Amino acid sequence: MDERSVAQAARDAVPRAEQAFRRLPRMEIPEKPSLDGLEAKWSARWDDGAVYRFDRTKARAEVYAIDTPPPTVSGSLHMGSVFGYAQTDTIARYRRMRGDEVFYPMGWDDNGLATERRVQNFYGVRCDPSLPYDPDLVPPEKPGKQAVPISRRNFVELCDRLVVEDEKKFEELWRGLGLSVDWAMTYTTIGERSRRASQRAFLRNLARGEAYQAEAPTLWDVDDRTAVAQAELEDRELAGAYHGVAFHGIGAADDIVIETTRPELIPACVALVAHPDDARYQSRFGTEVTTPLFGVTVPVLSHALADPEKGSGIAMICTFGDTTDVVWWRELQLPTRNIMGRDGRLVADPPDWGPAGPEAAKRYAELAGKTAKQAQARIVELLEESGELVGEPKPITHPVKFYERGSRPLEIVTSRQWYFRNGGREPELRDAFLARGRELHWHPPHMRQRYESWVEGLNTDWLISRQRFFGVPFPVWYRLRPDGEVDYDAPMLPTEDQLPVDPSSDVPDGFRADQRGEPGGFIGDPDVMDTWATSSLTPQIATGWGDDDDLFARTFPMDLRPQGPEIIRTWLFDTVVRAHFEHDSLPWRDTTINGWILDPERKKMSKSKGNVVTPMPMLEQHGADAVRYWAANGRPGTDTALDEGQMKVGRRLAIKLLNASKFALGVIGDAATDAPVTEPLDRSMLAALGELVRDVTSAFEEYDYARALERTERFFWGFCDDYLELVKQRAYGTTGESGAGSARAALATALAVLQRLFAPFLCYVTAEVWSWWQDGSVHRQPWPEPGDADGHAAGADALDYVVAAEVLGAVRKVKSEARRSMRAEVTHVAVTDTPDRLEALARIEADVRGAGTIAALDTAPGDAFAVVVDLADEPAA
RNA sequence: GGGCGAUUGGCUCAGUUGGUUAGAGCGCUGCCUUCACACGGCAGAGGUCGUGGGUUCGAGUCCCGCAUCGCCCACCA
C-alpha cells in the first residue's frame, strides 16, 4: 500500500459525519425557484466562507494538488480555456468531496513575447533599448500609425500595467464559471516568486551542467528579432519555385545544375552535396566548382542525407538556408559565409569568398540591404542575364518553418544563446525522459504517443534565451576585458539569497555601478528567458519551492496536471525536464489532456480563422452551470463542438433540479425523514441509486467526469419522470402513514445523494438546493457512498423499480396516443409478463395504480411484456 | 514518410471486458392549459453502426485491408 492509500484507509476508518442528512428544522424554499442571481449569491458566500481555502496543516498524503497551467493573459479570453478549466474543476470538486484537501492555485502566464505584442498593439509603442527612461511617459490614448519608441524600462512598466488589467478580467471570468480555486493563492509568471524560482533553478542547472551557453546557428524570427526554440516551430505550406542554377566545372560540359528554392542564398553557398551512392556525381566528389554570378570556388561533397530523388539530386549547402544545411555544415566541417542579417535583410559586409572576393563583392553590393524576397527577385534577373538560370522556375508548394506566432519564414543566424539539455543531443538523457513519460499516468492513455514522438524527434537542446524585454532576466554578468571585449567564459553569478536580480540594474559583487560597460568592468546578460523556462516551473512556483519549504513538503510532487494537447511538447515536456533535473522525480503523478474545442462547423477554433467565441456572453446568456454542463459533456481528450444546444440542456437540467428538489422537500414537509424504508418501490429505487453511486465514483476515479455526469443525469431524469410520479400519492399519505414515512425517508435519502452527485458539475444550483434543507456547503460534504442509498434497502429487488417504470410508461403511451390527459382515468389494465416480473409488479402495484389512475389491474403469465389499457370514457365537456 | 484518434438516425454524442428487438439529447411531429416544473410534461417517427474480408454459436464491440476526416511527429535542397 502506498502512502496515499494508507491515508485514504485512515480517512475511511473515521466514522463519517451524519449520513442521513436530516433536514433542517425550518426549510426555506422559494415559492418560485429560479436560477437568477444564484451565481452572484453563491460566489460571494464561497468567498466569505472560504469554502475552497486550502488548509495547509494537512500532510502530503491528505492533499490533492493540481498544477493548473496558468493561462496566457495577454490576448483575448477563449472558449477553449473555459472548456478545459471547467472540466478540471469537476475533478477538483470531486476530490474535495472525497475528503482530499485540494490544493488548487491559479496562476497567470503574463511574461514573454505574447504580452509584449499585446502592449505594442494596445498602446502603439515599441521598445527601443537605446532610449533613456522617461519617468513622465504617457502612452498614446490610441495606437497611432507609427509605433512610438520607448525605453526598455518604460516598456516593461506598460507590460506590468496591462497584465494587471488582463488578470482581473481572467479572474472575473473564472470566478463566474465557478472554479473552486483558492483565490488567495494566485501567482504570476513575471512575479517576484516566479523570477526567484526561475533564476534559482537556472543557477542550479548551470552548476550541474544542465544549462550552458553556446554560439551556434539558431532559428531566428526576423520580425521579433529573437531566437526561437524547436518547440515553437510550425510548418506552413508556402508557394515557392525550383530554380535551376548552373555551377561551373573546369570545362563548359562540366556544369552541375542544382535546383534551389532559395537562389538568393548563392552568395552564402559553401559546398555542393549529393548522395555517396549517386552514380551521376561519383566522379565529381572531391572536385571543385565555382558558384554562378559570384565565381566562388566550392567543393563537391557527398553525404547520406542528400536525396537523389529530390531536384537534380545535388544540393547547394548555404549558411544557412534550412536545418539540413546546419547538419551538413556541422558534419562536413564547412566554413561559414553569412549573408542574412538579424533584421531579415542581407548584410552590408560580404563574407570571406577567398580569391574571388573582390569580383564577387561587386555583384553582392546591389543585393546588400534587400529582404530575402527582394534579393531573390533581383538575383533571378541577374542569373537570367548571365545565362546561368537553367530553364524556367518550376512553381511548387513546400513546407517552410515559421515561428508559431510569426508572419515571415524563419531564418537561421549564428548567435550566442543559452540552452537547457533536454535529450536532443544525448540519447541517454532522451531515454530518461521517455521513461518519465511512461511513468506518468496519461488520461486518456493514447496522448502519451504525442509526448513520445516529440521526445524521439528532438534534434537540438532547448534554447531558452530570447532577445526580448519582458521576461525573467538571466542572473548573469560578464567581465569586460581591458580591450572592451566581453569575456563569456567566466560568467559572474549571484548567490541564491540575492535572487531575484536584474543584471541590467543590479551590480555583481566586487564591482561598482559606474563600471558597467567600461573596459575592465562588467555588463549584464541582456537576454531574458523564454516564457517556457519559467512556465516549466509552475509546480515548483505554486508549491513554494525554496520560498516556503513547509508548503512545498505538503504539496510536491503534485497529483494532477490538466492541460490541452497542443502544449504537450512545450509545457508538459519542459516541466518534466525541470523536475527531473531538480528533484529527480515527476512533477505530478497524473495528467489529463482535454480535447479541442471546435466551432459548430467542426472547425478548430483559432484567431486566424476568425471563429473564436468569447466566453462571457455564453456565461451571461446560459449561466455558469449550463456552460459547465456543456464542458463536462466533452469526454477526456475528445474534441468537442461548441454547442449552445447542450448549454440549454444543461440549463434545463439545473431548473429541473430546483423544481424536483422543491417538490420532494414539499412532500416531506414537516414530517420526519428517519422512518424505515419499507416499501418495495422505495427500496428498489435506493438499490439502483446505490449502484449509480458505485458507477459514478469509479468513473471519477478514472478521471471520466463525462461518464459520471451522463450516468447521474440519466438516473435523475428517470427519478423525476417515474419515481416521483409513482411515489407522489403515497408520500402525501393517501395509503397510510407507514407507506408515507417510507416514501419520505427514501425521497430525503435520494435527494441528499443526487444533489451531491451533481455538485461537481452544477456547482451553483446544487449549492442553492442543498441550502434549502441542509447545513454547510454541499461542496464540503462527503462524497456519497453506495451505502448512503442502498444501506437502507438491504435485499431489495432492482426489478421492482424497473417494472413499475415500464408499466407506467405503457399506460402513458396509451393515454398519449388517445390524446388524453395523463390524469385520464383507466378502468382496467392487463399485464402479460414473465413470472419474476409479475412478482415484482405485485409488490409495487398500488404505486403504479396511483400514478396511472388505474382502477383495476390484472396479470397473466407470458413470454413477453405486453400491456392492454382500457381508458374510461372521456368526461363530457 | 512515420504515428495517434475518429467514422453509430438531419445535428451533437453514449454504447465499460463480444450476448437477446443499437441508446440519449437537440431538431422534427403529435398530444397534455396535471395541484414541483410552459425556462414544462408525455409520446411518436427516424439508424443495412464508413467500406471489404476474417474469427465466433453470436460483432457497433475482436483481427486484417481500404477510404474519408482531424491531429501529432519528421533533415522541407
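Quick caveat, the model's predicted, so the values are computed rather than measured. Each chain gets a letter, A, B and so on, in the order its sequence line appears, and its residues count up from 1.
Contact annotation: A:Gln230 side-chain N/O to B:A74 OP1/OP2 distance is under 4.0 Å. Residue A:Asn459 places at least one side-chain N or O closer than 4.0 Å to OP1 or OP2 of B:C75. In terms of phosphate contacts, A:Lys656 brings no side-chain nitrogen or oxygen within less than 4.0 Å of OP1 or OP2 of B:A36. In terms of phosphate contacts, A:Tyr723 brings no side-chain nitrogen or oxygen within less than 4.0 Å of OP1 or OP2 of B:A36. Taking 4.0 angstrom as the limit, A:Lys32 places none of its side-chain polar atoms (N or O) nearer than this to OP1 or OP2 of B:A36. Proximity of A:Lys813 to the phosphate of B:G44: a side-chain N or O atom is located under 4.0 Å from OP1 or OP2. Between B:C39 and A:Arg652, no contact under 4.0 Å exists linking OP1 or OP2 to a side-chain N or O.
Between A:Phe719 atom CZ and B:G41 atom P the separation is 15 Å, expressed in whole Å. Distance A:Leu724 CG to B:A36 P: 11 Å, rounded to the nearest Å.
Among the heavy atoms of the strands, none lies under 4.0 Å from A:Cys318.
Two rings, from A:Phe83 and A:Trp630, have their centers less than 6.0 Å apart. Ring-centre distance between A:Tyr705 and A:Phe761: not below the 6.0 Å cut-off.
Summarising the local packing, NZ of A:Lys373 is surrounded by 12 or fewer heavy atoms from other residues, nucleotides or ligands at distances under 6.0 Å.
B:G60 and B:U17 have their C1' atoms separated by 15 Å, with the value rounded to a whole Å.
Nearest-nucleotide positions on RNA chain B for A:Ile655 and A:Gly645 put A:Gly645 closer to the 5' end.
Ion pairing between A:Arg714 and A:Asp695 fails under the 4.0 Å rule for side-chain N and carboxylate O. For A:Lys656 and A:Glu713, the salt-bridge test fails: no basic side-chain N is under 4.0 Å from an acidic carboxylate O.
Not a single donor-acceptor contact under 3.5 angstrom links the side-chain atoms of A:Ser453 to the base of B:G2.
Using N1 to N3 plus N6-O4 or O6-N4 for Watson-Crick, or N1-O2 and O6-N3 for G-U wobble, each under 3.5 Å, B:C71 pairs with B:G3.
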